[in-house]
Amino acid sequence: DVKVTQSSRYLVKRTGEKVFLECVQDMDHENMFWYRQDPGLGLRLIYFSYDVKMKEKGDIPEGYSVSREKKERFSLILESASTNQTSMYLCASSSPGSNRGYTFGSGTRLTVV
Amino acid sequence: GESVGLHLPTLSVQEGDNSIINCAYSNSASDYFIWYKQESGKGPQFIIDIRSNMDKRQGQRVTVLLNKTVKHLSLQIAATQPGDSAVYFCAENSGYSTLTFGKGTMLLVSP
């Protein structure tokens, strides 16, 4: 069964910590995405990547960075976590021209205290 | 409908009823639309898609209708079951293989 795997379901971090959220897909997809999901705001795109070592800013990149050193892995980095980054983070992948849109991971619920 | 504050629009139905979930999209140039279902504690899952050259597409118990004139998308679920309880999102292809998502509607199905 193909899947997108996010390394943690729940994380609690302190303000100012550097946080790494990891995502791995086994579908050989070129495209990978990071979204955050907040009540009433839906899914908002943070960063995405079309290929290894490539990255593009989404709608809300401030306070985040990403790394894609291998095709199957896309990491989201919070350089200095803040309480307003408490959220559900969803990773997704897709293949160009795919007729099924994205495949999502199960999400990481991050709480910054 | 529009979300208000932190609360999702909610549709409550009885088991066996037909459900209709609506979505207004923003970009008249969007050429591909998807409905996703998100159950509690899980990531969104693909339900059905439709391209802009179609106005209706049917799947198993689900139908998507597209009205490009008013930029409206709807998802119809026939004979709704308790397992259909979830949040439903529409998404539009806004270019560069990225999707823009609606805020979602919560469907609650009572036995």
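Convention: sequence-line order gives letters A, B, ...; per-chain numbering from 1.
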*Return the set of residues passing salt bridge (charged side-chain N to carboxylate O under 4.0 Å, His left out) with B/Glu39 (not counting sequence neighbours), or none when no residue passes.*
B/Lys42
*Output every pair passing salt bridge (Lys or Arg N to Asp or Glu O under 4.0 Å) with a member in residues 59-77 of chain B, not counting sequence neighbours, ordered by first then second residue.*
B/Arg61-B/Asp84
*So which heavy atom on B/Gln38 is nearest to which on A/Leu90, and how close?*
NE2-CD1, 4.1 Å
*Transitive ILVMFWY side-chain link B/Phe101 to A/Tyr47, under 4.5 Å*: no
_Taking every non-hydrogen atom, the tightest pair across A/Tyr102 and B/Leu99_ = OH-N, 2.6 Å
*Let me know if B/Gln45 has heavy atoms under 4.5 Å from chain A in its side chain, its backbone, both or neither.*
neither
_Within residues 105-113 of chain A, which residues come under 4.5 Å of chain B, heavy atom to heavy atom?_
A/Gly105, A/Ser106
*asked:* For residues A/Tyr50 and A/Val66: do they belong to one hydrophobic cluster (side chain heavy atoms under 4.5 Å, members Ile, Leu, Val, Met, Phe, Trp, Tyr)?
replied: no
*Is A/Phe33 reachable from A/Ile77 through a run of hydrophobic residues whose side-chain heavy atoms are each under 4.5 Å from the next?*
no
*asked:* In this structure, would B/Tyr32 and A/Tyr35 fall into the same cluster of hydrophobic residues linked by side-chain contacts under 4.5 Å?
replied: yes
_chain A interface, residue from B/Pro44, B/Gly43, B/Ala91 that has the most non-hydrogen pairs under 4.5 Å_ = B/Pro44
*asked:* So, using side-chain contact (heavy atoms from CB on, under 4.5 Å) as the criterion, who are the partners of B/Gln58 when residues are at least two apart?
replied: B/Lys56, B/Thr63
*Quick one: CZ on A/Phe104 to OH on B/Tyr36, what's the gap to the nearest 0.5 Å?*
5.5 Å
*Top residue by heavy-atom pair count (under 4.5 Å) with chain B, among A/Gln37, A/Glu56, A/Arg44?*
A/Gln37
*Among the clusters formed by ILVMFWY side chains lying less than 4.5 Å apart, do B/Ile21 and B/Ile50 turn up in the same one?*
yes
